[in-house]
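The structure presented is a predicted model; accordingly, all values stated were derived computationally and were not measured.
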Amino acid sequence: MDRFRMLFQHLQSSSESVMNGICLLLAAVTVKIYSSLDFNCPCLERYNALYGLGLLLTPPLALFLCGLLVNRQSVLMVEEWRRPAGHRRKDLGIIRYMCSSVLQRALAAPLVWILLALLDGKCFVCAFSNSVDPEKFLDFANMTPRQVQLFLAKVPCKEDELVKNSPARKAVSRYLRCLSQAIGWSITLLVIVVAFLARCLRPCFDQTVFLQRRYWSNYMDLEQKLFDETCCEHARDFAHRCVLHFFASMQSELRALGLRRDPAGGIPESQESSEPPELREDRDSGSGKAHLRAISSREQVDQLLSTWYSSKPPLDLAASPRRWGPGLNHRAPIAAPGTKLCHQLNV
């Protein structure tokens, strides 16, 4: 269990590991789906090419879209591209880096499907059986053009009575299968060579720009995660405070109805605070949640979310908050006067 917990924590802390794992999972699912696929070519002149090319290209398109959907960085890339500039300038280089990373991972599963289909050859034979040049085969010399087209349409169906045990069918099928496998192995070799050159030649060039873009793309991912976690924490705390305020406000109504019984020797009503004790303790102790508890109304929450979208803080912790313009302060926590946190900020 400890090993699985450590692996899970590592995947949580590394978005690249998660995306690579999802990429491998999609590739494995692709292999499983294709191996369990029951391929049946219609063996009709009008539909062979449509069915073969459809089975060759449609599943890769679906897998490509799934790869984009499950990749968190695809959403971040679009948000970064479309967001208002605000106080943080846009870097198109970072957007291009994220786009390249997203496309590389999303294309893995479709490429696996296409390579499997080409190396297997069934889709290719079905799609291009009617496109074979009859002059390359001597067995079609005694056939009319119409008989040739009908015969070629039946090539993928070896059990059909028209082409069963026919040497011409075997020759055409073997020719198309060899051509399909040649294309598949050529694409495989090309991908391996490109990946090898990219891996080996990249250290030969200046890595400054690459490291910068990789750093800031990871930063945007982590920043958005932390913002979402902080919003969830604030929403939970805000709901808890609203419930406590509701119970506190009910005290006067219960007292007016005679349903409230003050304990003997209790604090007089004039000295009681309308604020629940839990909130006074957190406020007076200057806890780390003070900057969250300062956002205490729906208008403030809406303004905070609107400011985060329209005017994200600049990537400069030494910059003065006044440069950020109107709106909520993005860094400095807001503290109520008289609290310990307020005295600490004024020092």
Side-chain angles (χ1 to χ4, degrees), residues 1-2 4-23 25 68-84 86-88 90-91 94-95 97-98 101-102 105 213-245 278-279 281-283 285-317 319 321 324 327-336 339 341 344-345:
M1 291 299 294
D2 293 337
F4 287 107
R5 189 180 298 109
M6 292 176 61
L7 178 61
F8 182 72
Q9 292 175 353
H10 172 70
L11 292 178
Q12 279 188 322
S13 61
S14 177
S15 59
E16 288 191 3
S17 299
V18 174
M19 292 301 103
N20 292 334
I22 293 175
C23 176
L25 180 61
L68 293 180
L69 288 176
V70 300
N71 196 332
R72 177 186 172 87
Q73 283 195 340
S74 60
V75 179
L76 291 176
M77 177 189 64
V78 177
E79 290 179 352
E80 179 66 16
W81 178 44
R82 296 296 301 170
R83 71 171 175 85
H87 300 287
R88 182 184 298 182
K90 296 182 182 180
D91 191 344
I94 298 176
I95 298 177
Y97 174 83
M98 296 177 68
S101 177
V102 168
R105 294 186 173 96
R213 292 176 179 175
R214 183 179 181 181
Y215 174 88
W216 289 117
S217 65
N218 291 333
Y219 169 85
M220 285 188 286
D221 187 15
L222 293 173
E223 182 188 54
Q224 188 61 41
K225 286 182 180 179
L226 291 174
F227 181 78
D228 294 340
E229 292 174 1
T230 306
C231 287
C232 292
E233 182 183 357
H234 178 270
R236 181 179 180 84
D237 181 72
F238 189 46
H240 183 240
R241 294 167 65 192
C242 287
V243 173
L244 292 180
H245 277 289
E278 293 84 353
L279 301 184
E281 292 177 1
D282 290 335
R283 184 197 64 189
S285 62
S287 64
K289 292 185 178 181
H291 60 290
L292 297 179
R293 293 180 181 270
I295 310 298
S296 56
S297 68
R298 180 172 183 174
E299 291 75 13
Q300 289 180 335
V301 173
D302 292 341
Q303 178 64 21
L304 182 143
L305 297 176
S306 176
T307 305
W308 175 261
Y309 171 75
S310 61
S311 181
K312 287 188 177 182
L315 299 175
D316 185 5
L317 297 179
W324 301 345
L328 295 173
N329 191 323
H330 294 276
R331 275 195 303 119
I334 304 173
T339 62
L341 180 61
Q344 294 174 359
L345 295 175

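In terms of modelled atom types and a separation under 3.5 Å, the side chain of H234 and the main chain of V301 share no donor-acceptor contact. Of the possible donor and acceptor atoms, none in the side chain of S311 sits under 3.5 Å from a partner among the backbone N and O of T307. In this structure, Q300 contributes its side chain and S296 its backbone to a donor-acceptor pair below 3.5 Å. Although no hydrogens or angles enter the test, the distance criterion places a donor-acceptor pair under 3.5 Å between the side chain of S310 and the main chain of S306. Here the side chain of S217 pairs no donor or acceptor atom with the backbone of M98 at under 3.5 angstrom.
Rounding to the nearest 0.5 angstrom, the gap separating the CG atom in L76 from the CG atom in N71 is 9.0 Å. Put simply, CG on D221 and CZ on R72 are 5.0 Å apart, with the number rounded to the nearest 0.5 Å. Note that CD of E79 is 9.5 Å distant from OG of S74, once rounded to the nearest 0.5 Å. Going from atom CZ of R241 over to atom CG of L244 covers 9.5 Å, rounded to the nearest 0.5 Å.
Atom CZ of R83 has more than 12 neighbouring heavy atoms from other residues, nucleotides or ligands inside a 6.0 Å radius.
The two residues I94 and M220 come nearest to each other via the heavy atoms CG2-CE, 3.2 Å.
If you check the side chains of S101 and R105, you find a donor sitting under 3.5 Å from an acceptor.
Among the candidates Q224, K225, E223, the single residue satisfying the side chain to side chain contact (heavy atoms under 4.5 Å, CB included) test with F227 is Q224.
With contacts defined as side-chain heavy-atom distances shorter than 4.5 Å, the pair P313/R88 qualifies.
In this pair, Y219 and Y215 present their aromatic rings parallel. The plane angle is below 30°, not in the 30 to 60° band.
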